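Below is one structure, written out as structure tokens; the observations come after it.
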Amino acid sequence: MSKDLLDKGYEPKAVEQKWYAYWEKEGLFSAADSSDRTPFSIVIPPPNVTGVLHMGHALNNTMQDILCRYRRLKGGNVLWMPGTDHAGIATQNVVERKLAQQGRDRHELGREKFIEAVWKWREEYGSAIINQLKRLGASCDWERERFTMDEGLSRAVRTVFVKLFKQGLIYRGMYITNWCPRCRTALSDLEVEHEELDGHLYHIQYPLADGSGAVTVATTRPETMLGDTAVAVHPDDERYANLSCDEVILPLMDRKIPIIRDAYVDKAFGTGALKVTPAHDPNDFEIGQRQKLPSVKVIGEDGTMTDDAGRYTGLDRFACRKAVTADLKKQGLLVNMEDHKHGVGHCYRCKSIVEPNLSRQWFVDAKTLAKPAIEAVESGKTRIIPESWAKTYFDWMYNIKDWCISRQIWWGHQIPAWTCRSCDELMVAMEAPGQCVKCGQRDLIQESDVLDTWFSSALWPFSTMGWPEKTELLNTFYPTSVLVTGFDILFFWVARMMMMGIHFMGDVPFRDVYVHALVRDEEGKKMSKSKGNVIDPLNVIDQYGTDAFRFTLAAFAAQGRDIKMSERRVEGYRHFINKLWNAARFSLMHLDSGWEKIDEAHISLPDKWILSRLDEVSSKVAEALEEYRFNEAAGTAYQFVWHEFCDWYLEAVKPVLYDQAEGPSRTATMQVLWTALKDILILLHPFAPFVTEEIWEKLPGTAGSIMKAVWPQPAAYVADIRQLGQARTEMDLVMALITGIRNIRGEMNIAPSTKLDVAVASGRNSVRQTVEMHHGLISNLARLNTLQVQDNDDRSATAATAIIDDATLLVELKGVVDFGQEAQRLEKEIGKLTKELAGVDKKLSNQGFLSKAPTQVVAEVREKQTALSEKRQKLEATFQKVKSFIS
RNA sequence: GGGCGGAUAGCUCAGUUGGGAGAGCACCGGCCUUACAAGCCGGGGGUCACAGGUUCAAGCCCUGUUCCGCCUACCA
């Protein structure tokens, strides 16, 4: 007996802390810069420094950790590169809010001091999310942790910026962009969230300049009319073909503006006349460019009306809308106002309504960079999994627009561009130029804008590995093996990494992109603070343990399907973890050493069977993991451990361990039990790292961490693998017989404590032999008093019957049960069989089936027909006997 | 407007070359059997959304319909 017994139940808390610290201390997460072992690499989607671990992180990182731990067990040199993202706007907002609490703001501090304050904030709070990832068990190579604003990555950012500028792939210009008046910065198209809102469509009359009439335009944003510089109609629109005048008077502003013809206008919409505001609408901006119209900016950067807004100057944009509408009404120019639903853009960070606004911004020529990134996925150099996401990727990439990368905030990578104050020359360089390259003046000012956060994230797969240096790390681990990510950042991040990776590294950033689903609440709703349905992963971990939580995530992570999370589900998997714990507890009661080899000559049927199953299951789990079918991997392991190892193997082994005298066959069973438990721990380790490590330590004969173990190869334990296959057939029969007896016991309400007398009749030698050989096993698991084997149908009239394959099971009921009940049971069974048989008969009477189906399929169905009808015949005979016995 | 995904047992969902409809939970019955009552043994339960089509054979392939969810878009 082992001295080192496990406690009665598994207590995760202390165990988790202990092992995580140990793993880190022992450097078990460290990748080798170069090695003979097969490289496997993942870069973490860097969470925001402001982040708090949510379900999305938990799922995303659990998957990555499962893959990494699996590859280590497979002998790989694994790099899981961790880090955090400086998250420009988000972080700036957080620090600004903190300042606001002290009644201060960033302008009062000034840029330099404010940035200092952000760094300080980061020092203090920035590692929260990292610590939370550790609680999840994430086996990242923490010594290599990076930050998108650290020295090396900032240099990579500048290098990329300068190169792209020199290649003409970055440019600066006055364009219309999405503007958040709250954050006071431009946003990329992706950073705008569209939401359907109930608004109005305002129909406004613009009088013709010669007083001969009016043109009616329609708009959802009447305040923008103050900046109108034209009214456009379609060139073919007959309604406007013969106007007496080419100008209208812009109401409220009393400005003459031209009527122009532009094919963009949809004749069928409204009156067919469109007001054109080049400074505040992207389409109007384009019309303005085409038609050389002036732009009048009437909404300012803070969302209030500018000096060009006439008497509305200084009004908030929404107040202005009301005022304009009221004034138009007064003048009788608002001819109609109808309800209108339309999509309104909101800032993805602060949810304010976004204004399209004209400003000078920096852009990346995305179309050029997208081409090779499309090609890489089309050619399969990078696989997107599940495949359906590839289509989404293509759709976006084919229609990609230039990427606005400048942000008017302070926290981020300041754009490395300088302007000469005397001659206006623009210089882009790695470091501040000493003097103007054109006029030699020394008075230069740096561009105040910073780069979009996603600009630095786009470089993540190579910047974290030391680029632009040519490092050993890049050489070993780039392209990375797989990127695991949610679909919500497919465009934000994945597409841009593809573009930058290919452009600067000459190769794709990852071989596979695995796109996982969303974690939702119990009812399938998106979790959100406002709905109050957020489940905190840390809370779940506290309550149920990390392993149970991870197993739940894996078990429900079917490809392409969202995960509905609830604590009740986690509870179910906590039961599983506990089951494993207790199986180990049982095993450890009987094991006091480990073994290198198994004494093949003395292993029993259940021993062979479990080794054979272990072999199958470990390959199946491996295969599933390699294809990112996490749910299948987890489900297979779960089913095997609980319902095969625990329910059958451990039960089968009990009599040997408890009752059998010491000797070679008892030792052989102990060897197999040890081996099976050891391999099960390894198999489960990627999913449940903590409990498996804890048991591993207690298991005799294992040295060091389970993280250094090798993925199971049970077939290697026996020389002759074929005997394992034969064992499967025999064990299947044994299990079927036992189940058959238990079934009768259950159906007939015979107490488990009542030992039964059973006979097995079969015309087949092999069947009789198997039963005789495993007499003890069957008697034990089915709780029998006696077990007879016979080659004929001779039977007691008082026996219950079941047909198992080629065997007839006769369970003696005399004195145990009444026969009316047995007759009922048989009748039910016959009914089932008859139904099943009818289906098979129908198939076999179908000429088409016989002539066209593959012969193998026909043969199978024929066999089934024979088996079923034989079985029915036997049961029918028994039924008649039982009936006659009653009457 | 375009696109994608879903609809299978009371609930949540698996079901990958078209040939047996499954799991977990819940439910019912029986068990404190010396690892585990967070457990063990057994059981009931489904026109695989609807309508067609292809096929000897369809939960699976094709077409259409309904409902739900999501992504995306410059129609004022």
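Below, chain A is the first sequence line, B the second, and so on; all start at residue 1. Everything numeric here is computed off the predicted structure, so don't read it as measured data.
Look at the C1' atom in both B:rU34 and B:rG29: the space between them is 26 Å, to the nearest Å. Look at the P atom in both B:rA58 and B:rG19: the space between them is 11 Å, to the nearest Å. Comparing B:rA37 with B:rG20, their C1' atoms sit 35 Å apart, to the nearest whole Å. For B:rG46 and B:rC41, the C1' atoms lie 25 Å apart once the distance is rounded to whole Å. For the P atoms, the distance linking B:rC68 with B:rU55 amounts to 35 Å, nearest Å. A distance of about 29 Å separates the P atoms of B:rG10 and B:rG53, rounded to the whole Å. B:rA51 and B:rC60 have their P atoms separated by 13 Å, with the value rounded to a whole Å. The gap from the C1' atom of B:rC25 to that of B:rU66 amounts to 30 Å, rounded to the nearest Å.
Of the N and O atoms on the side chains of A:Thr866 and A:Glu863, not one donor lies less than 3.5 Å from an acceptor on the other residue.
Considering only side-chain atoms of A:Glu747, the nucleotide from B:rA73, B:rG24, B:rG42 that sits closest is B:rG42. Of the candidates B:rC74, B:rG42, B:rA38, the closest approach to any side-chain atom of A:Arg574 belongs to B:rA38. The listed nucleotides are B:rA38, B:rA76, B:rC56; the one nearest the side chain of A:Asn846 is B:rC56. Residue A:Thr220 places its side chain closer to B:rA76 than to any other of B:rG42, B:rC74, B:rA76. Of the candidates B:rA76, B:rC36, B:rG43, the closest approach to any side-chain atom of A:Glu651 belongs to B:rC36.
Note on A:Tyr264: a base of the nucleic acid sits closer than 4.0 angstrom, heavy atoms only. Residue-level contact check: A:Thr392 touches neither bases nor backbone, having no heavy atom under 4.0 Å from any strand. A:Asp488 comes within 4.0 angstrom of no nucleic acid atom, judged by non-hydrogen atoms across all strands. Within 4.0 Å of A:Lys832, counting heavy atoms only, lie sugar-phosphate atoms of the nucleic acid but no base atom. Heavy atoms of A:Asp266 sit under 4.0 angstrom from at least one base atom. Across all strands shown, A:Asn578 has heavy atoms under 4.0 Å from base atoms, whether or not it also approaches the sugar-phosphate. Within 4.0 Å of A:Arg745, counting heavy atoms only, lies no atom of the nucleic acid at all. Among the heavy atoms of the strands lying under 4.0 Å from A:His643 are primed sugar atoms or P, OP1, OP2 only; no base atom is included.
Separating the CG atom of A:Leu580 from the C1' atom of B:rA38 is a distance of 13 Å, rounded to the nearest angstrom. In this entry the distance linking CG of A:Asn743 with C1' of B:rC41 reads 11 Å, nearest Å. Here the C1' atom of nucleotide B:rU72 and the NZ atom of A:Lys391 are 12 Å apart, to the nearest Å. The separation between A:Phe487 atom CZ and B:rG69 atom P is 15 Å, rounded to whole Å. Rounded to whole Å, the distance from CG on A:Asp237 to P on B:rC75 is 21 Å. Put simply, CD on A:Glu355 is 15 Å from C1' on B:rA76, counting in whole angstrom units. For the pair A:Tyr573 OH and B:rC13 C1', the interatomic distance rounds to 10 Å; values are reported in whole Å. At whole-Å resolution of the value, CD in A:Glu567 and P in B:rA38 are 18 Å apart.
Residues A:Tyr10 and A:Asp189 each lie close to RNA chain B; by heavy-atom proximity, the contact nearer the 5' end of the strand is made by A:Tyr10. Of the residues near RNA chain B, A:His340 and A:Leu190, the one whose nearest nucleotide (by heavy atom distance) lies more toward the 5' end is A:Leu190.
Contact annotation: side chain of A:Lys579 to base of B:rC36, donor-acceptor pair present below 3.5 Å.
Annotation for A:Lys620: atom NZ does not count as buried by contact number, only 12 or fewer foreign heavy atoms lying within 6.0 Å. Heavy atoms from other residues, nucleotides or ligands lying under 6.0 Å from CD of A:Glu338 number more than 12. Other residues, nucleotides and ligands contribute more than 12 heavy atoms inside 6.0 Å of the CD atom of A:Gln543.
Of the options A:Phe549, A:Trp642, A:Tyr638, A:Phe687, a ring-ring contact (aromatic ring centres under 6.0 Å, His included) to A:Tyr573 is made by A:Tyr638 and by none of the others. The one candidate from A:Phe394, A:Trp396, A:Trp403 that meets the ring-ring contact (aromatic ring centres under 6.0 Å, His included) condition with A:Phe491 is A:Trp396.
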> How does protein reach along nucleotides 25-32 of chain B, written 5' to 3' as B (base within reach of a heavy atom under 4.0 Å), S (only sugar-phosphate), or - (no contact)?
Replying inline: S---SSS-
> How would nucleotides 15-20 of chain B be written as a contact map, 5' to 3', with B for base contact, S for sugar-phosphate-only contact and - for no contact, using protein heavy atoms under 4.0 Å?
Replying inline: -B--BS
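Residues passing the side-chain contact (heavy atoms from CB on, under 4.5 Å) test with A:Tyr206 are A:Ile204, A:Val217, A:Met225, A:Asp228, A:Val231, A:Val248, A:Leu250, A:Pro251, A:Ile257, A:Lys275, sequence neighbours excluded. With sequence neighbours excluded, the residues satisfying salt bridge (charged side-chain N to carboxylate O under 4.0 Å, His left out) with A:Asp237 are A:Arg239. Every residue two or more places apart in sequence or in another chain that forms a salt bridge (charged side-chain N to carboxylate O under 4.0 Å, His left out) with A:Glu632 is listed here: A:Arg629.
Between A:His340 and A:His342, the angle of the ring planes lies from 30° to 60°, which puts this pair in the tilted group.
In this structure, A:Thr224 and A:Asp281 have side chains that are not in contact, with every pair of non-hydrogen atoms separated by 4.5 Å or more. A:Val513 places none of its side-chain heavy atoms less than 4.5 Å from the side chain of A:Trp389.
Contact between the side-chain N/O atoms of A:Lys401 and the OP1/OP2 oxygens of B:rC74 is found at a separation under 4.0 Å. Put simply, A:Asn283 has no side-chain N or O that comes within less than 4.0 Å of OP1 or OP2 on B:rC75.
The aromatic ring centroids of A:Tyr10 and A:Phe576 lie 6.0 Å or more from each other.
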>> side chain to side chain donor-acceptor pair (under 3.5 Å) for A:Gln865 and A:Asp841? Distances and angles first, verdict last.
In response: CA-CA 7 Å; A:Gln865 187 194 38; A:Asp841 285 343; 2.6 Å; yes
>> Walk me through whether A:Tyr348 and A:Glu191 qualify under side chain to side chain donor-acceptor pair (under 3.5 Å).
In response: CA-CA 5 Å; A:Tyr348 84 134; A:Glu191 288 166 309; 3.3 Å; yes
> For RNA chain B, what dot-bracket results from Watson-Crick or G-U pairs at under 3.5 Å, with [ ] for crossers and | for inter-strand partners?
Replying inline: (((((((..((((.....[..)))).(((((.......))))).....(((((..]....))))))))))))....
